[in-house]
**Q** 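Quick one: the structure is below, questions incoming.
FYI, the numbering just counts along the sequence from 1.
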Amino acid sequence: MTVWLGLAVFAGAALQRVTGLGFALVAAPMLVLLAGPFRGIVLANSLALIVATVVLAMTWRDVDIDKLVLLAPAGVLGVFPGAVAAQSLPAGPLQVFVGLMILLGLGSVLLVERARFAPSLMTTVGTGLVSGFMTATAGVGGPALTTYAVATRWDQKAFAATSQFCFAAQAVAALSLKGLPTIPAAGLSMLVGALLCGLLVGNYLAPSIGAGLARRAVVMLALLGALGTVVRGVADWSA
């Protein structure tokens, strides 16, 4: 099980370095599938904090302060009801909920290419709230931010940098409410090592891999993981 978790974390970290998004979408479904819904999301939050901090250190000059001051606090606020939901639902229903949330987020990203709207106080704060809620419940705050970025034609470099700060703030809030992951030190060290290796590989490959190809890989891997999570959750729920 630990090997599969390591591969999921490695792939997610590499893709996040290339596209600014992807770690949680790829790793969270596999973490939930293999480690259980609550423990998997706590692990995803912990590792996402490391990934976002490292990527932010590389891209901080591109952070959009005007959007950050609205998105980050709203995202942290959205974590609170999400943490309550994650701690209240039984394992089977929570797995189904997590899988469906990820599928909904993927669907919104794929469909929003046709949608356009101007950024406003309401849409920006609302995006932050949804992102924070999904971070706490499903470990994936990216789809909401991606949908907003595409629909408002937000500059990719500014989006990639600003979203890292949002992910880090949401992860800190989620972990402060749900606690740190309960996993043996050796297993946690292996996952952190896989994460750092993924970031290094992603940094090396970033100049030669098109963002479009990397995003398609993110969607396909996340789709498979989310479907597997729903299937396992339904089986556990009905058992």
Side-chain angles (χ1 to χ4, degrees), residues 1-14 16-17 21-57 72-95 97-99 101-102 128-129 131-142 145 163-199 222 225 229 232-233 236:
M1 180 179 77
T2 306
V3 173
W4 288 110
L5 288 176
L7 288 173
V9 168
F10 173 85
Q16 179 131 341
R17 176 61 190 94
L21 180 72
F23 174 75
L25 278 173
V26 173
M30 294 301 296
L31 289 168
V32 169
L33 191 62
L34 298 172
F38 185 78
R39 187 172 133 189
I41 294 305
V42 173
L43 267 173
N45 291 151
S46 302
L47 296 172
L49 174 58
I50 299 173
V51 172
T53 301
V54 173
V55 177
L56 179 62
V76 170
L77 186 61
V79 165
F80 287 88
V84 172
Q87 291 174 315
S88 302
L89 289 172
L94 181 57
Q95 280 189 309
F97 180 75
V98 167
M101 288 284 283
I102 295 171
L129 289 169
S131 178
F133 182 83
M134 290 187 66
T135 291
T137 54
V140 289
L145 292 177
S163 61
Q164 305 312 309
F165 191 102
C166 295
F167 295 151
Q170 292 169 14
V172 169
L175 291 171
S176 68
L177 294 171
K178 296 188 292 185
L180 296 174
T182 54
I183 182 173
L188 184 59
S189 298
M190 188 278 293
L191 292 178
V192 172
L195 182 154
L196 294 176
C197 288
L199 287 173
T229 299
R232 178 171 174 178
D236 290 346

**Q** Run through Ile41, Leu31, Leu175, Val192 and flag the one making a side chain to side chain contact (heavy atoms under 4.5 Å, CB included) with Ser46.
**A**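 The passing option is Leu175.
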**Q** So which atom in Leu49 and which in Ala171 form the shortest heavy-atom distance, rounded to 0.1 Å?
**A**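 Closest heavy-atom pair between Leu49 and Ala171: CB-CB, 3.8 Å.
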**Q** What heavy-atom pair brings Leu191 and Gly6 nearest, and what distance separates the two atoms?
**A**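 Closest approach of Leu191 to Gly6, heavy atoms only: CD2-N, 3.7 Å.
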**Q** Where do Thr137 and Gly82 come nearest, in terms of heavy atoms and distance?
**A**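 Scanning both residues, the minimum pair turns out to be CG2-O, 3.2 Å.
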**Q** Crowded around Phe38 CZ? As in, over 12 foreign heavy atoms under 6.0 Å?
**A**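 Enclosed: over 12 neighbouring heavy atoms sit under 6.0 Å from CZ of Phe38.
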**Q** Measure across Lys178 and Ala86 and return the closest heavy-atom pair with its distance rounded to 0.1 Å.
**A**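 Between these two residues, the closest heavy atoms are CD-CB, 4.4 Å.
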**Q** Phe167 and side chain to side chain contact (heavy atoms under 4.5 Å, CB included): which single residue from Leu56, Leu145, Val51 fits?
**A**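 Running side chain to side chain contact (heavy atoms under 4.5 Å, CB included) over Leu56, Leu145, Val51 with Phe167 returns exactly one hit, Leu145.
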**Q** Report the residues that fulfil side-chain contact (heavy atoms from CB on, under 4.5 Å) with Leu77, sequence neighbours left out, ordered by chain and then residue number.
**A**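 Listed in chain order: Leu129.
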**Q** What is the distance from atom CZ of Phe10 to atom CG of Leu196, rounded to the nearest 0.5 Å?
**A**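 Going from CZ on Phe10 over to CG on Leu196, the span is 11.5 Å.
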**Q** Is the backbone of Ala85 close enough, under 3.5 Å, to the side chain of Ser88 for a donor and an acceptor to pair up by distance?
**A**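 Judged by distance alone, no pair lies under 3.5 Å.
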**Q** How close do Gly141 and Ser131 get, heavy atom to heavy atom, and via which atoms?
**A**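 So the two residues come closest at O-OG, 2.7 Å.
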**Q** Between the main-chain N or O of Thr135 and the side-chain N or O of Asn45, is there a donor-acceptor pair closer than 3.5 Å?
**A**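 Such a contact is found between Asn45 side chain and Thr135 backbone.
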**Q** Nearest heavy-atom pair of Ala168 and Thr53: which atoms, and what distance?
**A**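 Closest approach of Ala168 to Thr53, heavy atoms only: CB-OG1, 4.4 Å.
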